[in-house]
*Asks:* 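Structure below; questions to follow.
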Amino acid sequence: MNMVGTEIPSPALSTGLPRPKNWPARLPRSIEPPATSLWHNLAVSALRYPDKPAVVCFDAVLTYAQWVAQAERVAAWLHAQGVQAGDRVILLMQNCPQWVVAHFAVLRANAVVVPVNPMNRANELQHYITDPGVKLAIVSADLAGELLSANAQLPAAQRLSRLLVTHYTDMLPDFDRGQPAADLARRGVPEGWIAWWAARHDVCAQAVASGAPDVSVSDWAEALACTSPVPLHRAQPHDLAALPYTSGTTGLPKGCMHPHASIMHNAVAANVWGNGTAENVSLLVVPMFHITGMVSGVHASVYGGGTMVVMPRWDRDLAGRLISHHRVTHWTNIPTMVMDLLASPHFANYDLSSLVYIGGGGAAMPQAVAQRLLDNYGLRYVEGYGLTETAAPSHCNPPDAPRQQCLGLPFLSTDARIVDPETLAELPAGEQGEIVIHGPEVFQGYWQRPEATRDAFFELDGKRFFRSGDLGHVDDEGYFFLTDRLKRMINASGFKVWPAEVEALMYRHPAVAEACVIATLDAYRGQSVKAVVVLRPGMEDSVTEADMVAWCRDNMAVYKCPRSVEFVQVLPKSGSGKVMWRVLQDRENQKK
């Protein structure tokens, strides 16, 4: 056919999104991610790279083919236990190969992952059972007792009925169960981790026998050996994939409804943004239960066919050894991790020359530390910003032109604005207002919270924008900066602490009449938690500040615990009787 002079029609590719001045020339302003479920990303990578290491944890190596095979066996086991499409399944463990196998097994079974912070205690875990209506949990042996303790305190109709339990050594080849401490030390497990890493199933069995006989407990090996047929995978992009929880000013955490599509977008976008290829070797130490670890860590690596070097929790010298040994290329982290690694007395022994991308969020990177990375290693630290509601990044600095103490540019396919928090009218560059976000990564709403969902969104220029609750401004070049918190939140080393939730837990202490939680400045963590407490009459001599701190550590996740407690006679209150937390916060700020 002669095409000379024939005009070939082309689709309209313009997204209508502004292209900031410093937008990388190599990047499109928006992307169109695959119209499939997240499971297909793993299946495709397994077809392409069946024998390639997908997950490395100490000397345990999980290839892509093994990952698919194990996930399908666990999915078959879940289906055999009655897990149906849309059912919620708790995932409670530290970073480990079993976490990623279980995560994709739940997705393969057309169900919904409920990732839970392993630092939570029994009082906190109850909510993650009852709110999403979970009947089955996949848990590590060291945490099973805490989960069962929470379960036993619930009404029978709301309890978990089945647990799938693993211990971390399940994935280690030829593990010597007769001498677990010596075996783990030989593999490079830090001394302080050995006790919980080697936790046995009898911990769980004892808990069941003593307080939860109606719970059926199965071993990880049983699920891997399941011979039942795997269910037909029917999940579509619009179906719910994950229900990560975010705490809020109402005191109880809220589930953020993320379909496959929102996580898919940011998994693909994170790969594109960071120059990702199948040769990526990423250090995954950000917790997988957290939206950043789950999306920018696990799902981005799976989509790209890269290798994840998994750290169960932070240890600066282990991180240095792993980067050196595995020639890690990409590392997403919290800035305090970088500061800690650079401060190690053994730092000179580590080789960071393989790194080509380093970045993260949760706290601002000090300029001096960023400059050291640039001067010594040619690495520009890439800061980003996002929330559980936005599947991790909604903003990120371009690796080509990052700025410090800056949120960056609106992410791929994302429209972000600054609006007046009262009128919701858009504000010009330079003026402070609330950061609001529209994009394919934004969640659908809060699980069973229609009023909270309604309050979180508004319409502007025909688009549905999410209200972040954070105050900031945008400069003339399109870079966003965070200036304050509209919501009452404490940011401790990247962990978000909501005072109302801590206060609700503190009221369980028999000596507490009133409590108000505020932030204190911390040179290392950024902010720490402080509780201002009024004791019940007659209890003044029965409890000390140290006692109160110790009680908090026993009853809530350690990152939420007040590091200091101040006893007062009264809390400042408004005419309507509301505690004036801002007055206490201002007083604390003036002490510095």
Side-chain angles (χ1 to χ4, degrees), residues 14-31 265-266 269-270 272-274 291-292 296 335 359-367 370 380-443 456-487 489 491 494 496 526:
S14 173
T15 64
L17 294 174
R19 194 177 183 94
K21 178 181 178 180
N22 287 293
W23 189 264
R26 64 183 174 83
L27 291 179
R29 185 62 184 87
S30 64
I31 59 171
H265 177 275
N266 271 12
V272 172
W273 194 267
I291 195 70
T292 299
S296 297
M365 169 60 79
Q367 181 62 45
R380 297 182 182 275
Y381 191 87
V382 179
E383 295 185 43
Y385 166 83
L387 305 99
T388 306
E389 289 91 341
T390 62
S394 63
H395 296 68
C396 198
N397 274 274
D400 321 63
R403 297 182 181 180
Q404 260 53 68
Q405 289 85 48
C406 172
L407 306 184
L409 305 173
F411 209 37
L412 291 160
S413 316
T414 302
D415 186 357
R417 315 275 185 94
I418 300 293
V419 302
D420 184 303
E422 299 295 329
T423 67
L424 300 181
E426 186 173 1
L427 297 174
E431 290 196 24
Q432 177 174 281
E434 184 175 1
I435 301 170
V436 297
I437 304 150
H438 167 83
E441 75 273 38
V442 176
F443 75 137
F457 289 93
F458 75 104
E459 188 169 303
L460 177 65
D461 294 340
K463 299 178 180 179
R464 184 174 183 248
F465 277 84
F466 167 66
R467 301 187 63 177
S468 72
D470 287 334
L471 295 177
H473 68 274
V474 59
D475 67 13
D476 291 333
E477 296 184 341
Y479 283 86
F480 279 68
F481 296 82
L482 184 69
T483 53
D484 202 352
R485 306 282 179 183
L486 182 62
K487 293 186 255 186
M489 187 191 77
N491 191 333
K496 292 177 173 56

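Sequential numbering from 1 along the given sequence is applied to the chain's residues.
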*Asks:* Distance from Phe480 atom CZ to Ile418 atom CD1, nearest 0.5 Å?
*Replies:* 5.0 Å
*Asks:* Are Leu27 and Asp400 close enough, and set up right, to give a side chain to side chain contact (heavy atoms under 4.5 Å, CB included), and what steps lead you there?
*Replies:* CA-CA 11 Å; Leu27 291 179; Asp400 321 63; 5.6 Å; no
*Asks:* CD1 of Ile291 to CD of Glu389: how many Å apart, nearest 0.5 Å?
*Replies:* 9.5 Å
*Asks:* Please say whether more than 12 non-hydrogen atoms of neighbouring residues, nucleotides or ligands are located less than 6.0 Å from CZ in Arg417.
*Replies:* yes
*Asks:* Do Ile437 and Thr414 have side chains that approach each other closer than 4.5 Å (heavy atoms only, starting at C-beta)?
*Replies:* yes
*Asks:* Distance to the ring centre below 6.0 angstrom and angle to the axis at most 45 degrees; does that hold for Arg403 and Tyr479?
*Replies:* yes
*Asks:* Among all residues two or more places apart in sequence or in another chain, which pass the ring pair (Phe, Tyr, Trp, His ring centres under 6.0 Å) test with Tyr385?
*Replies:* His395
*Asks:* Nearest 0.5 Å, please: how far is CG in Asp420 from CD in Glu426?
*Replies:* 11.5 Å
*Asks:* In sequence, state the C-alpha distance, the side-chain angles, and the governing distance for Ser394 and Phe411, and then conclude on side chain to side chain contact (heavy atoms under 4.5 Å, CB included).
*Replies:* CA-CA 5 Å; Ser394 63; Phe411 209 37; 5.5 Å; no
*Asks:* May I have the step-by-step check of side chain to side chain contact (heavy atoms under 4.5 Å, CB included) for Val419 and Phe465, ending in yes or no?
*Replies:* CA-CA 11 Å; Val419 302; Phe465 277 84; over 6 Å; no
*Asks:* With Pro20 as reference, evaluate Leu409, Asp476, Asp475 under the side-chain contact (heavy atoms from CB on, under 4.5 Å) test and give the passing residue.
*Replies:* Leu409
*Asks:* Determine yes or no for a side-chain-to-main-chain donor-acceptor pair under 3.5 angstrom, with Gln432 supplying the side chain and His473 the backbone.
*Replies:* no
*Asks:* Please report the shortest heavy-atom distance between Asn266 and Thr390, naming the atom on each side.
*Replies:* ND2-O, 3.2 Å
*Asks:* Rounded to the nearest 0.5 Å, what's the gap from CG on Leu471 to CZ on Phe481? Could you check?
*Replies:* 15.5 Å
*Asks:* Taking all atoms of both residues into account, what is the closest heavy-atom pair of Pro28 and Arg19, and its distance?
*Replies:* C-NH1, 4.2 Å
*Asks:* Could you tell me which non-hydrogen atom of Gly360 sits nearest to which non-hydrogen atom of Tyr381, and how far apart they are?
*Replies:* N-OH, 3.3 Å
*Asks:* Applying side-chain contact (heavy atoms from CB on, under 4.5 Å), can you list everything that pairs with Pro399, at least two apart in sequence or on another chain?
*Replies:* Arg26, Trp273, Tyr357, Val382
*Asks:* Can you give me the closest heavy-atom contact between Leu387 and Asp470, atom names plus distance?
*Replies:* CD2-OD2, 4.5 Å
*Asks:* Does Arg467 use its side chain to pair, donor to acceptor, with the backbone of Pro421 at less than 3.5 Å?
*Replies:* yes
*Asks:* Hey, does the side chain of Glu441 reach the backbone of Ala392 with a donor-acceptor pair shorter than 3.5 angstrom?
*Replies:* no
*Asks:* Give the C-alpha distance, both sets of side-chain angles, the deciding distance and a yes or no for side chain to side chain contact (heavy atoms under 4.5 Å, CB included) between Trp23 and Leu412.
*Replies:* CA-CA 10 Å; Trp23 189 264; Leu412 291 160; 3.6 Å; yes
*Asks:* Has the side chain of Ser413 got a donor or acceptor atom that lies under 3.5 Å from a matching backbone atom of Ile31?
*Replies:* yes
*Asks:* Main chain of Cys406, side chain of Asn397: is a donor-acceptor contact present, judged purely on distance under 3.5 Å?
*Replies:* yes
*Asks:* Is there a donor-acceptor contact under 3.5 Å from the side chain of Ser468 to the main chain of Ile435?
*Replies:* yes
*Asks:* Determine the minimum heavy-atom distance between Gly469 and Glu434, stating which atoms define it.
*Replies:* N-OE2, 2.9 Å
*Asks:* Taking all non-hydrogen atoms of both residues, which atom of Arg464 and which atom of His438 are closest, and how far apart?
*Replies:* O-ND1, 3.0 Å
